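Below is one structure, written out as structure tokens; the observations come after it.
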Amino acid sequence: MTDVSRRQLLTGAVGLAAVGGLAAACGTSSPSPVTSSPTAAAGTPKRGGNFRLGVTGGGSKDIMDGQNIITKPDQARLVTAFETLLLFDENYQLTTNGLAESVTQDNPKQYTIKLRQGIEFQNGKTMTADDVIYSFQRIGTQKNGLTGFAATATMDIAGMKKLDKYTVQLPLKTPDSTIPQTLGSYTFTIVPSGYQAYPQPQVGTGAYKLQSFTQGQQSVHVRNPNYWRSGEPYFDTVTIIDFSDTTAQVNGLLGGQIDAMTDLPPSQVKVVQARGLQALVSKTGGWLPICMAIDMPPFDDVRVRQAMRLIVDRQGMLEQVSSGYGFVGNDLYAPFDPGFDHALPQRQQDIAQAKSLLKAAGHANLSVDLHTTDGAAGMVDTATVFANQAQAAGVKINVINDPNYYGNQYLKLAFSIDFWGTRAYLNQVQQGSLPTSPYNETHWPPKSGTGSDFVSLYNQALATTDAASRIAIEQQMQQIEYNIGGYIIPFFGGLIDGYSPRVKGFKPSEGTLNLDSFGHGYRTIWFG
Amino acid sequence: MNWFRPGGVWGFILRRLLLGIVVLILVSVVVFLATQALPGDPARAILGRSATPASLAALRRQLHLDRPVLDQYLTWVTGLLRGNLGTSLAAQEPVTTLLAPRLVNSAVLVALAAVVSIPLSIAIGAWAAFKREKAFDTVSSILLLVLAALPEFVVAVVLVILFATTVFHVLPAISTVPPGSRPWNNWLALVLPTLTLVIAVAPYVARIMRASMIEVLESDYVEMARLKGLPERTVLVRHALPNALGPVFQVIALNLAYLAGGIIVVEYVFNYTGVGGALQQAVVNHDLPVVQALAVLIAAVYVILNLLADVATILVTPRLRSRL
Amino acid sequence: MSQVSGVAVPAAEVAPPSVRGTSLLRRALRLWRTRIGVVLVGALVLLAIVGPYVAPYGPSTPVGAPNSTPSGTAVLGTDYLGQDVLSRLLYGGGSILAMAVIATALGLIAGVAIGLVAAYSRNALDDILMRGMDVILAFPQIMLGLVAVAIVGPHAWVIVVAIALTTAPRVARVARGAAQPVVERDFIACSEAMGVPRWRILSGELLPNVLGPLMVEASLRLTYSIGVIAALAFLGLSPNPNGANWGTMIQQNEIVLPVQPWGAAAPIIAIALLTMGTGLIGDGIARTAAGIDRARGEE
């Protein structure tokens, strides 16, 4: 392990500055020191206060599990107490600011993880290699049903070796260049040996300890005085409050009953600002796809899929659903990945072409159900606006807003809306575009004909260590998806959250989670 | 019932009580069957996006969703009678633990609304009757008519806009009751929800009171009292009012029962931690035990209040007792 | 809410079975409040029916940036998706009104039938019917609507059936309460003795004599139906998630009231005027009936 290999890790596996401009503060240079220093503009952090966060999407099925989430409140709670080996910064670049001092790739089928020494769990026990191995085992056990399981497919967890108290060797079954992204993924956290989900005691390495939890209502988290990043956190307590709908949430923010909220509807930014509150607009790679199952009629005919993609008025949808916040999409995901193919021409609305494609496919007056739900901001609106736009092409779309959306039918629907956060390209493929993916709404890839080599291309890309060659393969894959894929991605709306001007330290982030990863686990924000 | 008539008022009460129980049993059957008809799989509904075949199987095993229907019903009913309302599928907690604080919160709200609206509407109704066709009567009549017609959610939204977010900023816009805390720990937050409920209910009681009072004021009985030279105030309060209250009890009880439904919308708008919110959550999650428990509880409230209404009217109106 | 159980309420609120329907209506129209009610209801029904034909844009056509204030293109501004508020207002009454009227009518028919039969039977059938009504009555209207839509889905017919189902017992109680005194009258006994068939007695003798309280109840039920359907839409349970619907519009746009009031204020005013109108009509009829009754009592 030399300095070169560390560099290899950070540049080879992750890539350089993302498209869209990046002040590469943490890209290829050495990682920033352990204590984070807030920007001068925000002022000096002050201790104290009870930070109240309002989140929608939860309910009596709320959980608290360091390695699993179902809803956004679960996300908000997870980051209070649990941390990952590697960390993504605001520009969605991997850094070694997490629990690991270094993660190096010895060879394509082996990684070595070196832990930061002296970090204690909230119960006083020191974090060691044993805990890391337990954490991986827990995620890698299929019957636990954790979100990170699919990512462990290439890991040989049984073969993990403890080299010394703070070093772990991770062998792989097959080469996989996405391992570092996985280690930075927010549910791939390190928990103490023997850890189990709530109602068992919740012990992690994070900045706040769980004090009380009433599912469907709220949880209270109290400052961890022993936290390993000295100086942090600043709040005395963090209270996370469930809301059943956005209106109550915004009213709560306007009325001062909460200090911050997730998923502020874009059309309400003006209202919030009119009352002296702030909106945090983060340009992320989060997306709300319209999903067409490629093996279910009428979308099993590629001409229908192509027609649908031509019906969308992308700019119009950006205006209506996202009030202009964000940027237009081209039916491809992972826009910030260095391998994103910008050469592919931007699709425009073409009703005439769409109509002729539909006619050729024998679906001149198509009538189809589109399923959606209130899982994330904009899901229902996207469906509604798309249905309106489709009328111009003679397509009748019947929008079904189903509160039981994630019940029996999810992933078995021909036509649906879903939501995704920001990911690198190959990680996203693994989560949603492989036959083994947990969330493959479009039932991609095709089993025969064009595109049936998608999986082998993916495996090739995983195993390729040279960035340029890997990007070439990724672009091949994207070309296929661009031509015959099942996703319609009209725009990337980003994440918009609201907060009181009392709260300092938020920075727009390109990451997966709201509110700048909840203020990096509520560590980098304070009351000013 | 012509064929089962122990005599008098007590007989009547007994009969209504038994009938109420019969109704409740039927209600429980209807509720149970209806919730069985809920489509979808509770395990999927709970896990949502994160459902994988492994996690689904694990959860289903955990929730015992494989026992036969009749078995489940009988277990449920016997448990119900013993005070055990089952375990919430979503929260994995006893339903009683889950619902108890919410029931208290909703009950406090309804009680507060009752305590404010009943005396207020009786007073308004009585005074409007006394000052018939004069200014107070006409104005209050129109105002009450207007308010009675407005759906609750309209009233709630307007109140929030008026007092919390737009015109004035004196009251909280939402009234969430944090766990462990009680509604009376935050009085200000109770004002707007209570006001909404009062506006929903008061006009009807006031109107009935007015009508009843008018009739009583024109009765021979009151004429007599006046002719006897009693001061008007005594006539009003001692003689007219008690006699006018008879039919009003029934309407009061019925309106209180109405609040059991009205509270659903009010709790939604104000994010109040009560049974309305619990019901919505439970329905969306297919949390059968909670839906069943709430349906039966709310039905029980209705049946009891209806019973009280009928009994009160009989007791207060002697001439109807002969029909028993 | 004049819910009446089997026990009578003061005559001041319920007409005795002695005034024929049409003459009651005509007399009621002499009151200014009934007239105002009719004007309001008429205007809003007209708005709901004719609206779609005069709307400047379609209900879902984007005409500007979301939540913009009134301008040349959009007289009442735009809503949360940039659609024209005025157009959506004009399109938005139809479905609520149609569902409310149909549901109330169905509930009235069923309720009157059940109530009259129950009052007339005076035996076990009466008890069975009324207990059945009690079971339905045990559920608040909106709660039944909520659960029904959750079980079956947000289809128009589900909402109509749920409202009709919960309207019927309330009407049945009033019908039965109004019919009971009539059933014991001599002319009914006469008809029975003469061998007039039962259904004839029910429809020809009983029904006309209970029209007074029934008309009051009908307007009350209509007011409630409109309120519950709008409330269900407000809670997100309407047949079309983005259909122009006054209840849904209020929920979608209330939060931006400080910045763009019309998105929510316009439908609020529309619903308020409509329900006030039906309330005034019902009140007018009730007052007329009470006035007639009192006059009769003094004879």
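Only a predicted model underlies this, so the values are computations on that prediction, with no experimental measurement involved. Letters A, B, ... are given to chains in the order of the sequence lines, protein chains preceding strands, and every chain is numbered from 1.
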Q: Measure B/I298 against the heavy atoms of chain C and call it side chain, backbone, both or neither at under 4.5 Å.
A: both
Q: Over 60° means perpendicular and under 30° means parallel, so classify the ring planes of C/Y224 and B/Y204, tilted if in between.
A: parallel
Q.
According to side-chain contact (heavy atoms from CB on, under 4.5 Å), who are the partners of B/I21, at least two apart in sequence or on a separate chain?
A. B/I25
(Q) Which one wins on heavy-atom pair count under 4.5 Å against chain B: C/T223, C/I136, C/I250? (A) C/I250
Q: Answer with side chain, backbone, both or neither: which region of B/A295 has an atom nearer than 4.5 Å to a non-hydrogen atom of chain C?
A: both
Q) Hey, are C/R287 and B/S141 close enough side-chain-wise for a donor-acceptor pair under 3.5 Å? A) yes
Q: Heavy-atom pairs under 4.5 Å with chain C are the metric here; pick the option from B/L26, B/L24, B/L145 that has the most.
A: B/L145
Q) Can you say whether B/V154 sits under 4.5 Å from chain C via the side chain, the backbone, both, or neither, judging by heavy atoms? A) side chain
(Q) Given heavy-atom pairs under 4.5 angstrom as the criterion, report whether the side chain, backbone, both or neither of C/I226 touches chain B. (A) neither
Q | Salt-bridge contact B/E218-B/R132 (side-chain N to carboxylate O under 4.0 Å) | A | yes
Q) Between B/L150 and chain C, which part of the residue has a heavy atom less than 4.5 Å away: side chain, backbone, both or neither? A) both
Q | Pair B/T196, B/E152: side-chain N/O donor-acceptor within cut-off below 3.5 Å | A | no
Q.
Taking the basic N atoms (NZ, or NE/NH1/NH2) and the acidic carboxylate oxygens, is any pair closer than 4.0 Å for C/D126 and C/R131?
A. no
Q. Is chain C contacted by the side chain of B/I142, its backbone, both, or neither, given a heavy-atom distance below 4.5 Å?
A. side chain
**Q.** Donor + acceptor pair across side chains of C/T104, C/S225 (<3.5 Å)
**A.** yes
Q. Taking C/A230, C/A272, C/G227 one by one, which has the highest count of heavy-atom pairs under 4.5 Å against chain B?
A. C/A230
Q | Greatest number of heavy atom pairs closer than 4.5 Å to chain B - which of C/G279, C/G277, C/P258, C/A265 | A | C/P258
Q. Which of the residues B/V157, B/V201, B/V265 is involved in the greatest number of heavy-atom pairs with chain C at under 4.5 angstrom?
A. B/V157
Q: Please list all pairs passing the salt bridge (Lys or Arg N to Asp or Glu O under 4.0 Å) test where one or both residues lie in residues 32-41 of chain C, with sequence neighbours left out.
A: C/R33-C/D283
Q. Tell me, side chain or backbone of B/V22 under 4.5 Å from chain C's heavy atoms, or both, or neither?
A. neither
